[in-house]
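Atoms considered below: every heavy atom in the structure, side chains included; atoms not considered: hydrogens, waters and symmetry mates. In the text below, chain A, chain B and the rest are named by the order of the sequence lines, each starting its count at 1.
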There are 2 protein chains.
Amino acid sequence: MSRTEKKVAQLALDNPAVVSEMTIKELAAASNVSTATISRFVKRMNYANYREFTMALAHTAAAMTPQQSSFPELAEGDSLATIANKTFRFSVNSLRATNDALNEDDLARAVLKIINAKTLAFFGLGGSSIAALDGYHKFLRTSLNVVYHPDYDIQLMQAAKMTADDCAIVISHSGRNHETLQIVRELTRNGVAIIVITSYSGSELAQAAAVTFLSLTDEVKYRSEGMYSLISQLTILDSLFMMTVLRISSRTQPVLTRVRDVIEHTRDES
Amino acid sequence: MSRTEKKVAQLALDNPAVVSEMTIKELAAASNVSTATISRFVKRMNYANYREFTMALAHTAAAMTPQQSSFPELAEGDSLATIANKTFRFSVNSLRATNDALNEDDLARAVLKIINAKTLAFFGLGGSSIAALDGYHKFLRTSLNVVYHPDYDIQLMQAAKMTADDCAIVISHSGRNHETLQIVRELTRNGVAIIVITSYSGSELAQAAAVTFLSLTDEVKYRSEGMYSLISQLTILDSLFMMTVLRISSRTQPVLTRVRDVIEHTRDES
DNA sequence: CATTATATGAAAAGAAGTTTCACATTTCAA
DNA sequence: TTGAAATGTGAAACTTCTTTTCATATAATG
């Protein structure tokens, strides 16, 4: 791409919303190149004509706008409905970010470890105990042998009992909680396959894991992250659960009934 | 609006995506009117020119598309990543539906009852115990006097102890669980203010409530709804929590430090 | 250093969109 | 019912926008 074309591209990428409204003349004037160059440029970019190009820009701009406005900081004059809206919006953004960070490879390895485990144990303390409890509750509905107890000492004892045939799902927002790390060291010593769900990939916890899933929030600074990562953690567990059930049932049953099977296994009347 | 203009409008509304890509000539041909008429028509619609009109169409088309594709049914050949994506998408849709069902009035009444309660107790059994636990965990961080115990018998005893000065948040997906209803009857007898989070507005549970919040999923038929309503329940609780903290701190502190305060109060290192 | 390839803008050519104007249709009052 | 005024419409002129051509400049290559 040549220098002049870069100027145009930069302008378009910087504020697609504005450029998408411009005529080719205006854009030419704004970027100090001729209309001819722009016309050629958009064709090089595989758009049929300038109009198609601006349409595409408008689309990306529309797709980006929610991102820009996706830091719903609670402001002074917010009504209750606004606070609720922002809370929901923030949850949605967290889910999106978490989803984007997932990859097929990790999922495949995690599911393999889960369905081959003699025992599947959940570990989580403090705020993360809720996610661990949810994971336990979900996987109870499968044929797997699952274990979870909210008490730290019992979790530690459970970790000590486990072997290389087992699988542990460890949840911790920060990845720095001492008790959680103690459990992980015990698990590592016993050669247990560890699947970690945390928000920080650099933590010691993430290092020890065979597979790490990141529960992200798209705005970390001004917020109590722990609150929003919970929802991401739950949905990661949910994904693992769905995949596991589909895989387990596929061993024994024709494919067509599998999805229905998931539903039956997960009916909840509470 | 004249007859010819209606033809154009109809065409544009029926498939905005297609029309937004058309030139004025093509649209003229497609709707059997002259280009002049269309040009006048878009001006009557308060668009500066035809180009602006097509842009607007493209926008509405873009806004409509995600709605159409928002029922991510798990299909036979789905890869693991696809299963995960659909799970996340479904969670997002559930949150959106739940958010849309909220209204300022209910929120205001709920927050009032919460901050004036001498004791705030959470009730939830089975799958909903997770949401109840999360609510308890969140509100522990406030100055309120909060109570929750996973055991049914203890929940029932707790309900028996409560008075008209207290507030109960009862969570149940179906709203039909017998034990939960037993608790609610006890609460009602004692005149306790009841806030209900459930997925079915018609349930007996919802009838007994002072305020009902609906945790919705936008596709009910083919799914295990309980799983997705959990995330909606959590975010409703989260909203209530945020509103409560902001309200409580506003009694004693200047407004500017409030938001910061929320963050401090909710830091979570687990 | 000459030669070829590539990039660029001015201007011509071609499309797209708008306005004008003449004619048709409808509305409304007599 | 009828004629005048108002409104709606398309063809064509006109304007504006976009693309292509062509001559020139710049960079790359042997």
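- Listed by chain and number, the residues in a salt bridge (charged side-chain N to carboxylate O under 4.0 Å, His left out) with A/Arg40 amount to none (sequence neighbours excluded).
- One atom, OH of B/Tyr47, and another, C1' of C/dT18, lie 18 Å apart when rounded to the nearest Å.
- Atom pair B/Arg40:CZ and C/dT18:P shows a separation of 12 Å (rounding to whole Å applied).
- In this view, A/Asp100 satisfies the side chain to side chain contact (heavy atoms under 4.5 Å, CB included) rule with no residue, not counting sequence neighbours.
- For A/Arg44, whose side chain is taken as the heavy atoms from C-beta onward, the closest listed nucleotide among C/dA11, C/dA7, D/dT9 is C/dA7.
- Qualifying side chain to side chain contact (heavy atoms under 4.5 Å, CB included) partners for B/Leu57, counting only residues two or more places apart in sequence or in other chains: B/Ala12, B/Pro16, B/Val19, B/Ser20, B/Phe53, B/Thr60.
- With sequence neighbours left out, the side chain to side chain donor-acceptor pair (under 3.5 Å) criterion links A/Thr37 to A/Ser34.
- With sequence neighbours left out, the side chain to side chain donor-acceptor pair (under 3.5 Å) criterion links A/Asn15 to no other residue.
- Using a 4.0 Å cut-off, some side-chain N or O of A/Thr37 falls inside it from OP1 or OP2 of C/dG9.
- Whole-Å rounding puts the B/Ile38 CD1 to D/dG8 P distance at 16 Å.
- Considering only residues two or more places apart in sequence or on other chains, A/Asn99 meets the side chain to side chain donor-acceptor pair (under 3.5 Å) condition with B/Asn85.
- For A/Phe41 and C/dG9, the CZ to P distance is 14 Å, given to the nearest whole Å.
- One finds a salt bridge joining A/Arg44 and A/Glu5 here, because a Lys/Arg side-chain nitrogen approaches an Asp/Glu carboxylate oxygen to under 4.0 Å.
- The side chain to side chain donor-acceptor pair (under 3.5 Å) search around B/Glu104 returns A/Ser79, not counting sequence neighbours.
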Annotated protein contacts, base or backbone, on nucleotides 12-17 of chain C with a non-hydrogen cut-off under 4.0 Å, one of B, S, - each: ----SS
Dump the pairs, protein N or O against N or O of nucleotides 26-28 of chain D, anything under 3.5 Å, distances to one decimal.
none

